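Quantities reported herein were computed from a predicted structural model and do not represent experimental measurements. Just the heavy atoms: all of them, side chains too, but no hydrogens, waters or symmetry mates, feed the values below. Numbering starts at 1 and runs along the sequence shown.
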Amino acid sequence: MKRVTGLGGIFFKSKSPKDLMAWYKEHLGLEPEAWGGQIFHWREKDDPESAGYTVFNPFKADTKHFEPSTEPVMFNFRVDDLDGLIEQLRKEGVAVVGDVQDSEFGKFGWIVDPDGRKIELWQPPDTDPSPAE
């Protein structure tokens, strides 16, 4: 089974996400979307007709989205078969957090790595809409 297929996003805590993204815009040219993060659009190397995106997004420092982790960073990895991968990871003794959630943006599941960092696993929908659409 293919496990991770790419980086879906980098999510991190910030005391002031809006000010931080303004800094990234001024100094690095990132253009935040209305919801606060930056979307990087790309095409698959082996299938240029297949598009995707990676998100760079600060969260408020007091966000509960990273729990049960106390780490300030959460990675989001793209996967092809979230249900199958979650099942396999459980068999391997990996800590799975909560239930798989399905939304217009795809399916989401969470695990915790050995350092206590919450990892988000994301199976994009077939249409792969970006958060801004």
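- Leu7 has its side chain within reach of Phe77: a pair of non-hydrogen atoms, C-beta onward, lies under 4.5 Å apart.
- Of all the heavy atoms in Gly109 and Leu82, the pair that sits closest is N-CD2, 3.6 Å.
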I'd like a table of donor-acceptor pairs (distance under 3.5 Å, sequence neighbours excluded) in which one partner is a side-chain atom from residues 17-29, with atom names and distances.
unit_1 : atom_1 : unit_2 : atom_2 : d
Asp19  : OD2    : Ser16  : OG     : 2.8
Trp23  : NE1    : His27  : NE2    : 3.4

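- Between His65 and Phe59, the ring centre distance stays below 6.0 Å.
- Counting only residues at least two apart or in different chains, side chain to side chain donor-acceptor pair (under 3.5 Å) contacts with residues 1-14 comprise Arg3-Glu92.
- Proximity of a side-chain donor or acceptor of Asp115 to a complementary backbone N or O of Arg117 within less than 3.5 Å is not detected.
- Nearest heavy-atom pair across Asp46 and Pro48 is C-CD, 3.9 Å.
- For the pair Phe75/Val4, no side-chain contact is recorded, criterion being any heavy-atom separation below 4.5 Å from C-beta on.
- Considering Gln88, Gln123, Lys107 as possible partners of Asp83, the one that fulfils the side chain to side chain donor-acceptor pair (under 3.5 Å) test is Lys107.
- Classification of the Phe40-Phe56 ring pair by plane angle, with boundaries at 30° and 60°, yields perpendicular.
- Judged by distance alone, with hydrogens and angles left aside, the side-chain atoms of Glu44 form no donor-acceptor pair with the main-chain N or O of Ser50 at under 3.5 Å.
- The nearest pair of heavy atoms linking His41 to Tyr53 is ND1-CB, 4.1 Å.
- From Ile86, atom CD1 reaches atom CG of Asp81 across 10.0 Å, with rounding to the nearest 0.5 Å.
- Within the 3.5 Å criterion, the main-chain N or O of Glu67 finds a donor-acceptor partner in the side chain of Lys118.
- When all heavy atoms of Asn57 and Gly36 are compared, the pair lying nearest together is OD1-C, 3.8 Å.
- Taking CZ of Arg90 as the reference point, atom CD1 of Ile111 lies at 11.0 Å (rounded to 0.5 Å).
- Here CD1 of Ile10 is found 13.0 Å from CD of Glu120. Values are rounded to the nearest 0.5 Å.
- Rounding to the nearest 0.5 Å places CH2 of Trp122 at 9.5 Å from CZ of Phe105.
- When all heavy atoms of Phe11 and Val55 are compared, the closest pair comes out as CE2-CG1, 3.8 Å.
- Here the rule is side chain to side chain contact (heavy atoms under 4.5 Å, CB included) with Trp110, and of Leu121, Val97, Asn76, Asp99 only Val97 fits it.
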